[in-house]
Amino acid sequence: MAPLDESTEIAELETSGSIAAEKKPISTILLIIAMQTEALPLVAKFQLSEDQDSVFPKGVPWVRYHGIYKDLKINIIWPGKDQSLGVDCVGTISASLVTYASIQALKPDLIINAGTAGGFKAKGACIGDVFLASRVAFHDRRIPIPVFDQYGIGARKTCPIPNIFKELKLKEGKLSTGDSLDMSPHDEAAIAANDATVKDMEGAAVAYVADLLSVPAIFVKAVSDIVDGDKPTAEEFLRNLVAVTAALDQAVTQVVDFINGKFLSEL
Ligand code: ADE
C-alpha cells in the first residue's frame, strides 16, 4: 500500500467545491455527527429544534435538528440509535446513508463532519486536541489488485480552508477511517501508510459521498483517546468522551462563526 504523501497525489481526488459557481455566501450547512453525546451540546448552542416532519424516509432512526444561527441555516444530522440495540449508529454505513439522504433533501453549501477520534501521540496528538483533516482515507478496505487497491483506500484531499487554519488555532492532520474502534495489525500498517494523525469511523465515508454529489466537506476531529498509548482504547474513549466533546463543540462553533457571511473561496 503506497503511503499517502506527495508522490501519491495523482491517485488522490480533491473533494469538490465549485468556486466558479459561487454567487452568494455559504448559506446552508450540514453537520454530520455520529454520536448523540457529541451532537446535543451543539444543538443547544445553535438553538436548533428537532424536525417534526422528517425529510428522511419513514422508519429510519436518523434525526435532523435545524434552525437559523447568525446568517446560516444550520442542520445537524445524527444517525440516531440502532433500532434493535439502542446504541448510536456509528460507522461508515450509517454515515454514508445519512450524508446521501441529507444532501438530496437539504442541498447544503458545505458539510462539516464533526466527532471524536483516536489520535497518535507519535504524530503529535494529545487528548483534547482538535484537528482539521487535510486529507482523508480508509484503512480497512484492502483490495490487493492494481487500481482497486487505490479505490479501496479512497484517499481524498479535503476542501481547502487556508484562512480557517490561519485564523483559528486548530491543528492540521490526516484522517484515516475504518469501521472498528480498536486497531488490528492490518489497520495499523494501513493507517501508517495513510500517514494519519487521527483515526475515526466516519470521515472518509462522508468525504466519498460529498465528493460524489460535489458538495465541499470539512472534517473537525477531537482526540478522545491515544491509539499508540498504554490505555485500553474503549475505556479511554468512554472516560474522555464528555470532556473532549466540549473541546469539539467549541472548535465547531469557532469554525461556524468564521464561515458565517463568507464565500467558500474565503475559507
Ligand atoms: N473515535 C474515537 N476514538 C476512536 C478510535 N480510537 N478509533 C476510531 N474512532 C474513534
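Remember, it's 1-based here, ligands and their atoms both numbered in the order they're listed. Quick caveat: nothing in here was measured; it's all calculated off a predicted structure.
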N or O pair under 3.5 Å between Thr233 and ligand 1:
no
Shortest protein contact, atom 2 (C) of ligand 1 (heavy atom only):
Ser224 OG, 3.3 Å
Is the CD1 atom of Ile93 crowded by more than 12 outside heavy atoms at less than 6.0 Å?
no
Would Gly118 count as a polar contact of ligand 1, with the cut-off being nitrogen or oxygen pairs under 3.5 Å?
yes
Using a 4.0 Å heavy-atom cut-off, say whether Leu181 meets ligand 1 through its side chain, its backbone, both or neither.
both
Residues Lys231, Asp225: salt bridge by 4.0 Å N-O rule:
no
Begin from the C-alpha positions of Asp200 and Thr177 and carry the test side chain to side chain donor-acceptor pair (under 3.5 Å) through to its verdict.
CA-CA 5 Å; Asp200 80 342; Thr177 298; 2.6 Å; yes
Looking only at side chains, do Thr92 and Asp179 share a donor and an acceptor under 3.5 Å apart?
yes
Of all protein heavy atoms, the one nearest atom 7 (N) of ligand 1 is Lys199 NZ, 2.8 Å
Is a side-chain donor-acceptor pair under 3.5 Å present for Lys221 with Asn113?
yes
Considering only the protein, which heavy-atom contact is closest to atom 1 (N) of ligand 1, and what is its distance?
Thr116 O, 3.4 Å
I need the nearest protein heavy-atom contact for atom 3 (N) of ligand 1: residue, atom name and distance, please.
Asp225 OD1, 2.6 Å
Using a cut-off of 6.0 Å, state whether more than 12 heavy atoms not belonging to Phe263 lie near its atom CZ.
yes
